[in-house]
There are 2 protein chains.
Amino acid sequence: MKSVTRSLRILEAVARHQPVTVGELTKLFGLPKSTVQRTLVTLNEAGWLRANRRDTTRWEIGARVLAVRPAALQGSSLFAAAREPMIRLRDRVNETIHLSVPDALHSMVVVDRVDCDHPVRTFHTIGDTSPLHATATGHAILAHLPRREVDEFATGTFEGYGEDTITDAEELRTELQRVRERGYAVNHNQYLQGICAIAAPVLDGDGVPLAAVAVSLPDSRFEPGRLAELGRLVTETAAEITARHLR
Amino acid sequence: MKSVTRSLRILEAVARHQPVTVGELTKLFGLPKSTVQRTLVTLNEAGWLRANRRDTTRWEIGARVLAVRPAALQGSSLFAAAREPMIRLRDRVNETIHLSVPDALHSMVVVDRVDCDHPVRTFHTIGDTSPLHATATGHAILAHLPRREVDEFATGTFEGYGEDTITDAEELRTELQRVRERGYAVNHNQYLQGICAIAAPVLDGDGVPLAAVAVSLPDSRFEPGRLAELGRLVTETAAEITARHLR
DNA sequence: CATGGCGTTCCACAATACGGCATGAAGGGG
DNA sequence: CCCCTTCATGCCGTATTGTGGAACGCCATG
């Protein structure tokens with residue numbers, strides 16, 4: 001279904017570049033103007049796009065999309081349960097806090113964020129994705145997946161993003177064992193350079209990992225001496241979210 | 001573009017009923033199974049859907065959609081700015097707090113929510129829509145729109161949802177004048193029966209209304225004597241969000 | 001007044017999505 | 001144990017539907 005795939009790509013492009021004009025999108029995709037235009041009108045009629053208030057030839061995402069939420073966040077549950085513990089954690093450590101959920105395609109997606117007030121801080125937008133095998137949140141999830149699923153995932157080697165990335169399946173498995181023992185996962189420059197994160201999983205009633213909370217901070221502020229305390233706080237926060245979510 | 005429109009409808013249906021099977025969707029739409037199936041596969045390939053973890057014949061929304069956010073919430077700005085003041089407001093009044101933004105088609109969409117802990121409380125999910133002319137948040141927005149736009153909107157009569165709904169355009173205009181004078185809007189059973197709300201607008205630098213914060217409570221707990229104080233608190237909260245958002 | 005860039009509309013063609021049907025797998029009842 | 005239903009999924013000829021080049025109208029600029 002070519003037209004559907006293309007429409008969704010265009011929708012995503014509008015989201016990234018909003019408010020955006022027809023012409024900008026045609027340059028972006030190299031498609032005929034009429035094709036892009038027709039797609040935009042269709043998306044608008046369906047209620048997913050709307051014209052910008054100030055410049056009606058620019059398009060932006062309508063609020064309608066908010067009714068379409070990932071299963072992991074359905075109802076209020078997880079999202080609402082996580083918010084206040086995350087804020088409290090931020091107040092304790094004054095670093096950026098993320099909530100991420102696993103998605104298909106071996107990636108984690110940032111679902112919520114609470115900022116710290118340092119002038120220099122890590123930056124991920126809601127919706128950003130990162131690889132399961134090279135992030136603290138990913139490891140926190142993997143560590144609590146059934147053995148079978150991990151084996152399915154961890155075969156051969158993974159993509160590397162720097163010299164610290166774990167690219168070997170066997171190495172990943174031993175790291176996951178450490179994560180289980182400590183209760184939290186740590187990432188030193190495995191994915192993005194200059195960024196560290198400490199993460200712990202949020203589980204459902206059956207022990208299935210639903211999401212992970214992470215403290216994320218620039219390398220420059222990371223002190224090994226703080227690790228144990230940060231780990232403990234993140235783990236407690238994750239446990240509190242789990243408890244609230246089940247209630 | 002029939003296939004695009006249909007795919008979006010199916011996507012919305014999946015969001016409402018997830019995790020859902022092909023068969024359930026065919027019943028819902030009265031379409032041939034193969035058509036629905038093909039659509040689901042396409043949406044999945046585009047990364048918008050994924051198979052449920054436990055039952056792989058059930059479909060649910062993938063986390064990809066989170067990267068597609070309404071213009072009103074772009075970046076972190078409004079959404080992040082609103083969160084903490086909303087929580088503080090909830091702590092003060094112990095009632096449910098909503099943040100809503102106007103959408104095309106004369107409706108307000110709930111963008112965020114902070115719950116109170118009363119056993120009986122109002123319930124709106126993120127993404128829920130309600131009519132501009134019959135809600136406190138809608139009035140808060142309309143009251144700060146340029147005269148020209150209000151005139152365009154307020155022509156003839158509006159749909160009524162009960163005996164308290166303002167259905168006359170002229171009557172709405174005088175109500176909006178009162179809202180401007182008081183600084184906040186009040187809704188007594190105008191839309192949903194048994195629910196009251198008090199709302200104030202969040203403005204951008206040019207005075208354009210971007211969103212509205214509301215305290216929402218069941219009729220049974222509403223005391224006229226509290227109104228002035230609730231109104232003041234909501235107005236202060238909206239002003240604080242505005243200030244944080246501009247910063 | 002000419003020009004270029006823009007968003008928008010039109011239309012004949014052919015690529016593409018449609019949907020009836022067939023298949024295969026899974027569960028339930030006799 | 002086998003039949004029978006129910007379900008998800010794959011196939012394929014047909015005609016519906018989306019395609020994209022071209023033309024239009026609008027606006028700002030030289």
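Within every chain, numbering begins at 1; the chains are lettered A, B, ... in the order of the sequence lines, protein sequences first and strands thereafter.
Between A/His124 and A/His98, the ring centre distance stays below 6.0 Å.
In this structure A/Arg50 satisfies the side chain to side chain donor-acceptor pair (under 3.5 Å) test together with A/Glu60, sequence neighbours excluded. Residues satisfying the side chain to side chain donor-acceptor pair (under 3.5 Å) criterion with A/Thr157, sequence neighbours excluded, are absent altogether. Residues satisfying the salt bridge (Lys or Arg N to Asp or Glu O under 4.0 Å) criterion with B/Asp112, sequence neighbours excluded, are A/Arg83. Every residue two or more places apart in sequence or in another chain that forms a side chain to side chain donor-acceptor pair (under 3.5 Å) with B/Glu24 is listed here: B/Arg58.
For A/Leu40 and C/dC6, the CG to C1' distance is 14 Å, given to the nearest whole Å. Going from atom CG of B/Asp55 over to atom P of D/dT6 covers 19 Å, rounded to whole Å. Atom CE of A/Met1 and atom P of D/dT16 are 19 Å apart (whole Å). In this structure, B/Leu43 atom CG and C/dA17 atom P are separated by 13 Å, rounded to whole Å. Taking atom CG on B/Leu31 and atom P on C/dG20, their separation rounds to 10 Å, with Å as the unit. When the P atom of D/dA15 is taken as reference, atom NZ of B/Lys2 falls 15 Å away, rounded to whole Å.
Ion pair A/Glu240/A/Arg244 flagged as a salt bridge, since at least one NZ, NE, NH1 or NH2 atom sits closer than 4.0 Å to an Asp/Glu carboxylate oxygen.
The minimum heavy-atom distance linking B/Ala199 with B/Ala214 is given by the pair CB-CB, 3.8 Å.
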Could you check B/Ser107 against B/Thr129 for side chain to side chain donor-acceptor pair (under 3.5 Å), going step by step and ending with a plain yes or no?
-> CA-CA 6 Å; B/Ser107 59; B/Thr129 59; 5.3 Å; no
Under 3.5 Å, which N/O atoms of the protein pair with N/O atoms of nucleotides 27-29 of chain D?
none

Under 3.5 Å, N/O pairs linking protein and nucleotides 8-11 of chain C:
unit_1: C/dT8; atom_1: OP2; unit_2: A/Gln37; atom_2: OE1; d: 2.9
unit_1: C/dT8; atom_1: OP2; unit_2: A/Gln37; atom_2: NE2; d: 3.3
unit_1: C/dT8; atom_1: O5'; unit_2: A/Gln37; atom_2: NE2; d: 3.2

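Using a 4.0 Å heavy-atom cutoff across all strands shown, A/Ser3 reaches sugar-phosphate atoms only and no base atom.
Nearest-nucleotide assignment on DNA chain C puts the 5′-proximal partner with A/Gly23, out of A/Val4 and A/Gly23.
Remark: B/Trp48 CH2 to B/Ser7 OG distance equals 11.5 Å, nearest 0.5 Å.
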